[in-house]
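Order of the sequence lines sets the chain letters (A, B, ...), proteins ahead of strands, with each chain counted from 1. Fair warning: this is a prediction, and the values are worked out from it, not measured in the lab.
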2 protein chains.
Amino acid sequence: MDYAATTPVDPAVIATMTEALQRYPGNPSSIHAEGREARALIEQARKTVAGAIGASIGEVFFTSGGTESTNMALKNAVRDLNVQRIISSPLEHHCVLHCLDTLQRTEGTEVLYLQVDGKGQPDLEELDVLLKEDGKKTLVSLMHANNEIGTLLDLDAVAALCREQGALFHSDTVQTVSTYELDVSRTPISFLTGSAHKFFGPKGVGFIYVNGDNLIGPYIDGGAQERNMRAGTENLPGILGMAKALELALARKDEREVYVRGLRDALWQRLRESFDDLQVYGDPGRGHYKLLNVSFPPSPQADLLLMNLDIAGISVSGGSACSSGADAGSHVLDALVGDPGRKAIRFSLSHLNTMDEVEQVVNTLKEILPASVEA
Amino acid sequence: MDYAATTPVDPAVIATMTEALQRYPGNPSSIHAEGREARALIEQARKTVAGAIGASIGEVFFTSGGTESTNMALKNAVRDLNVQRIISSPLEHHCVLHCLDTLQRTEGTEVLYLQVDGKGQPDLEELDVLLKEDGKKTLVSLMHANNEIGTLLDLDAVAALCREQGALFHSDTVQTVSTYELDVSRTPISFLTGSAHKFFGPKGVGFIYVNGDNLIGPYIDGGAQERNMRAGTENLPGILGMAKALELALARKDEREVYVRGLRDALWQRLRESFDDLQVYGDPGRGHYKLLNVSFPPSPQADLLLMNLDIAGISVSGGSACSSGADAGSHVLDALVGDPGRKAIRFSLSHLNTMDEVEQVVNTLKEILPASVEA
């Protein structure tokens, strides 16, 4: 139940990638037959990815993942589009927060963090005020679904505010590509980022959508790949795998949502029936359907909860996997609540989970945690 | 005969990657069992790569490829190590040259290009003079084997000059990792870069060696992966595939060199026997054993040489694949010679070529080119 950290690769995607590794050795930049064949496959994959988000094919560029895509959007907006101010939130993924630290330090970019409410929603009234009060070229970076608590941003509302005030808008959509509808032909967004390994595709490949009006240059300089927007020989098997994974996920989008939401809601209900004094983070009813982040009251057993769940064969996380190699807590929960003694668990589910697993998780928690915590 | 552009993935590497895709779904940053298993595999791969170049494991970082690695070395040396001047050559790969353009433009870095001789060797006396004359913190970036003409740099000599004068030294070793010995424990080098798809590994993964004395930060900001040196969920199948490919190539290094050198020398001899007025670029006898870059005199047939070879099922290139999607010529040959009418062909061979193919290439060239060119 840690599918927000990463996902196993769909067997059909593995088949696509293995075929690509075996059959298409060419460098897509070569002009001979092997190169042209590889190029054609990449452009077909681009069509798939662009189509999935309502973009034109000229607006989608393949990268090594969501983190690189975000680095490219934020840093090159500052470098190439004269962005002097970035408005974000303290609940963003580290790839955003650490880019903002770097931009403050090396470029003197002004960085503002919006207030967030108890459910993790950034204050859009504050955003509106900030956008109106200052003539500086501004970029807003707010994620679509928070990766730890699932809170969903109203993308259309933020996009509309940004458009009104002439601000650029980047959204880290890594947790929602393939699970929530994204349509840049209707939602005016400047930059959007995706990562294949979050939707049953391979690790090491992702994409960035760059709205055609925003002429940024490459973040990784070198060859003319990706129409001079991202140098380096293209990761052909990864790109084909990502496109295949996206196709598969979109074809099953609605049925997966119903199924996973059902599991997640059942987990939440069974937890509430089984334990006292639970605290939930985010807003499960209105947040990403795959996520449930709850905490248990302080106890010696709770301190070792992740470890004991792991021993029992249950994989969950205390926060984002990316945050640390150790159980170092969560900057998201730190920003939201002031009770570090409580032990939070992020459950993130997928269509690969079952109702039996939900029962197993609840029963295991009941075995681990002290009786006083139980309802 | 275009194996300098890219290589097919070794079947044993494909098996390793397919197994990784199937069996190791974890995010290496997760602390549960799947995560720890993935982490252990990555650290094993790091040991392999570090061992292959005489580095310690703390000095090797996985990236999306050679181009990203070079961006990281050059740009972060300027950002984090106070490098104010970079000395390079006009024959470097575009990933170096375009990084230097960016650094000049955005950071005001002083960039100097050494004179090169007719065989593509940079003037090391000039380098010595430049290093001695200026107190600015300097980085030297010179590639080990030129990817178009095969010219091999004397790494030890350049490293010694740099060390004497306190300059940093980056070498693009993308064409020599696995084919020539690289030992950073004996050659004092600051940064070295590799790309798996050049040694029968997968596209989309590479590495950077960063000498332990040079404390640069990440180029891609975000999570704490790669000990805070390269954010983004690790490309586990790619990293394992790269390590496997490197192991295989090193185990066969000497036998492959003898075999490929034999093929390349036979090709050069057969071409000289078959055609008049050939011009060779670089220094085949002392350059990379896999490369032969020759030109034919101007003729209508020579203009269409690449296309006609392609039609005959022979894949070669006119320059680096990365340079362009089209047959746009070569910045390397432009810098070396002033005879754009001649049609140059880069033959780059591997252990997958045969002597029959050498004959086939020569015979096909004899069919395509006008009789007057033949010897």
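The contact between A:Arg230 and chain B is made entirely by side chain atoms (from C-beta outward), counting heavy-atom distances below 4.5 Å. For A:Thr7, the part lying under 4.5 angstrom from a heavy atom of chain B is the backbone only. Proximity to chain B (any heavy atom under 4.5 Å) is shown, for A:Asn235, by both the backbone and the side chain. Residue contact with chain A, scored on non-hydrogen atoms closer than 4.5 Å, is absent for B:Thr70. Interface remark: A:Thr106 contributes side-chain atoms only to the contact with chain B (heavy atom separation under 4.5 Å). Contacts between A:Glu234 and chain B at a heavy-atom distance below 4.5 Å involve the backbone alone (N, CA, C, O). The part of B:Met17 that comes within reach of chain A is its side chain, from C-beta onward, which places non-hydrogen atoms under 4.5 angstrom from that chain. Looking at A:Val13, there are no atoms closer than 4.5 Å to chain B (heavy atoms on both sides), in backbone or side chain. Interface remark: B:Arg36 contributes side-chain atoms only to the contact with chain A (heavy atom separation under 4.5 Å).
Looking only at heavy-atom pairs under 4.5 Å with chain B, the residue among A:Pro8, A:Gly65, A:Ala33 that has the most is A:Ala33. Your options are A:Arg39, A:Lys75, A:Met72, and the one with the most heavy-atom pairs under 4.5 Å with chain B is A:Lys75. Contact count against chain B (heavy-atom pairs under 4.5 Å) is highest for A:Ile14 among A:Val9, A:Asn228, A:Ile239, A:Ile14. Comparing B:Gly241, B:Gly26, B:Gly206, B:Gly217 by how many heavy-atom pairs each has under 4.5 Å with chain A, the most go to B:Gly26.
In this structure, B:Asp221 contributes its side chain and A:Cys95 its backbone to no donor-acceptor pair below 3.5 Å. For the pair B:Asp310 (side chain) and A:His32 (backbone), a donor-acceptor distance under 3.5 Å is absent. When atom types are taken as modelled, the side chain of A:His94 and the backbone of B:Gly223 share no donor-acceptor pair closer than 3.5 angstrom. A donor-acceptor contact shorter than 3.5 Å is absent between the side chain of A:Lys203 and the backbone of B:Gly238. Between the side chain of A:Asn27 and the backbone N or O of B:Thr6 there is no donor-acceptor pair closer than 3.5 Å.
Contact check for B:Tyr219 versus A:Asn71: no side-chain heavy atoms found under the 4.5 Å cut-off.
Looking at every heavy atom in both residues, B:Glu68 comes nearest to A:Ser64 through OE1-OG, 4.4 Å.
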ask   = Could you go step by step and tell me if B:Ser195 and A:Thr233 meet the side-chain contact (heavy atoms from CB on, under 4.5 Å) rule?
value = CA-CA 9 Å; B:Ser195 184; A:Thr233 299; over 6 Å; no

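Rounded to the nearest 0.5 Å, atoms CZ (B:Arg79) and OG1 (A:Thr102) are 5.5 Å apart. The distance from atom CG of B:Leu21 to atom CG of A:Asp10, rounded to the nearest 0.5 Å, is 11.5 Å. Distance check: B:His197 NE2 to A:Leu236 CG gives 11.5 Å after rounding to the nearest 0.5 Å.
Within 6.0 Å of the CD1 atom in B:Ile311, the count of heavy atoms belonging to other residues, nucleotides or ligands exceeds 12.
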